[in-house]
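Within every chain, numbering begins at 1; the chains are lettered A, B, ... in the order of the sequence lines, protein sequences first and strands thereafter. Just so it is clear, the model here is predicted, and its values are computed rather than measured.
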2 protein chains.
Amino acid sequence: MVKYDDELDAIFMALSHPARRAMLARLGEGEATVGELAQPLDMSLPAVTKHLKVMEKARLISRSRNAQWRPCRREEAPLITASIWIEEQRKVWESRLDRLEDYLHVMEQEEGSNDGQAR
Amino acid sequence: MVKYDDELDAIFMALSHPARRAMLARLGEGEATVGELAQPLDMSLPAVTKHLKVMEKARLISRSRNAQWRPCRREEAPLITASIWIEEQRKVWESRLDRLEDYLHVMEQEEGSNDGQAR
DNA sequence: GGGTAAATTAACCATATGGTTAAATACGAC
DNA sequence: GTCGTATTTAACCATATGGTTAATTTACCC
């Protein structure tokens with residue numbers, strides 16, 4: 001059974017759109033209003049609002065209020081969560097490579113063997 | 001203007017589905033056939049084929065042939081690409097924290113003013 | 001209160017995503 | 001060639017995603 005993980009779903013999904021990555025990058029420099037985030041992004045304000053909702057759901061950003069502005073701030077945790085998942089995967093991959101050499105030695109020693117299954 | 005990046009789009013999109021992450025994790029242990037990947041995943045073979053296409057497009061996996069089997073292998077590069085992007089973002093975030101004190105001073109000054117446009 | 005600016009919501013539309021079942025393909029074995 | 005197994009393709013469907021414009025909300029200013 002799949003180990004279902006809503007959190008990673010939402011985080012990676014949020015990171016998969018270039019406009020959202022651009023906004024995150026902009027927010028790396030500090031808080032910004034919706035208008036400021038929208039300005040370089042060839043799309044309407046409502047579209048930007050939707051992207052912000054996606055990122056908010058993934059907790060990549062949080063919002064506050066300042067008069068009629070709703071400044072956005074980037075949150076670190078989801079990026080760490082994503083990074084950890086990726087590095088876990090890479091770790092497994094690396095350790096598999098470490099075992100490859102041993103495996104090949106075993107193969108060499110079993111010269112006579114003829115099992116043609118997947119490899 | 002948005003710096004458009006098809007590659008990251010495809011990678012993060014591919015990582016955003018739990019079934020695909022499960023398959024990648026399984027592939028971390030070594031090559032597997034479509035049937036082997038499908039077995040723990042409560043869904044039909046055609047659905048699995050589609051997920052594999054998504055991952056192949058993102059270059060997260062590559063395929064070979066062995067009789068009627070099409071074994072899948074995980075590729076490392078896209079995970080590295082994704083990891084680098086994330087760590088870049090975190091780096092910016094960290095350096096922004098270094099500047100936090102200055103930033104708070106600016107905030108204080110803006111609190112008082114009434115035409116307070118955030119910038 | 002009325003005017004203006006920032007942002008969101010509503011309504012709508014096109015396309016993508018994620019799934020299904022049934023049919024087709026690819027390949028080895030007989 | 002026929003049979004059986006692995007996988008893909010085709011056709012279809014429901015819902016999600018990403019965008020639009022128009023209307024609405026929120027808050028400051030006069």
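- Atom CZ of B:Arg70 and atom C1' of C:dC27 are 9 Å apart (whole Å).
- At C:dA6, none of the side-chain N or O atoms of A:Thr33 fall inside 4.0 Å of OP1 or OP2 (strictly under the cut-off).
- Using a 4.0 Å cut-off, no side-chain N or O of A:Lys53 falls inside it from OP1 or OP2 of C:dT8.
- Taking the charged nitrogens against the carboxylate oxygens, B:Glu56 and B:Lys53 have no contact shorter than 4.0 Å, which rules out a salt bridge.
- A straight line from CG of B:Leu45 to P of C:dA23 spans 17 Å, rounded to a whole angstrom.
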Collect all protein-nucleotide pairs involving nucleotides 15-19 of chain C in which both atoms are nitrogen or oxygen and the distance is under 3.5 Å.
unit_1	atom_1	unit_2	atom_2	d
C:dG18	OP2	B:Arg20	NH1	2.9
C:dG19	OP1	B:His17	NE2	3.4
C:dG19	OP2	B:His51	NE2	2.2
C:dG19	N7	B:Lys50	NZ	3.0
C:dG19	O6	B:Lys50	NZ	2.1

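- The salt bridge (charged side-chain N to carboxylate O under 4.0 Å, His left out) test applied to B:Arg90 returns A:Glu76, B:Glu87, not counting sequence neighbours.
- In this structure the side chain of A:Met55 reaches within 4.5 angstrom of the side chain of A:Arg20, judged on heavy atoms.
- Residues B:Arg59 and B:Pro78 approach most closely at O-CG, 3.2 Å, considering heavy atoms.
- Contact check, A:Arg65 against D:dA27: a side-chain N or O comes under 4.0 Å of OP1 or OP2.
- To the nearest 0.5 angstrom, B:Leu60 atom CG is 10.0 Å from B:Leu27 atom CG.
- Taking atom CH2 on A:Trp69 and atom C1' on D:dC28, their separation rounds to 8 Å, with Å as the unit.
- Rounded to an integer number of Å, the gap from B:Leu41 CG to D:dT7 P is 13 Å.
- Between B:Trp85 and B:Phe12, the angle of the ring planes goes over 60°, which puts this pair in the perpendicular group of the 30/60° scheme.
- A:Gln68 has its CD atom 6 Å from the C1' atom of C:dA6, to the nearest Å.
- Atom pair B:Ile61:CD1 and D:dT7:C1' shows a separation of 13 Å (rounding to whole Å applied).
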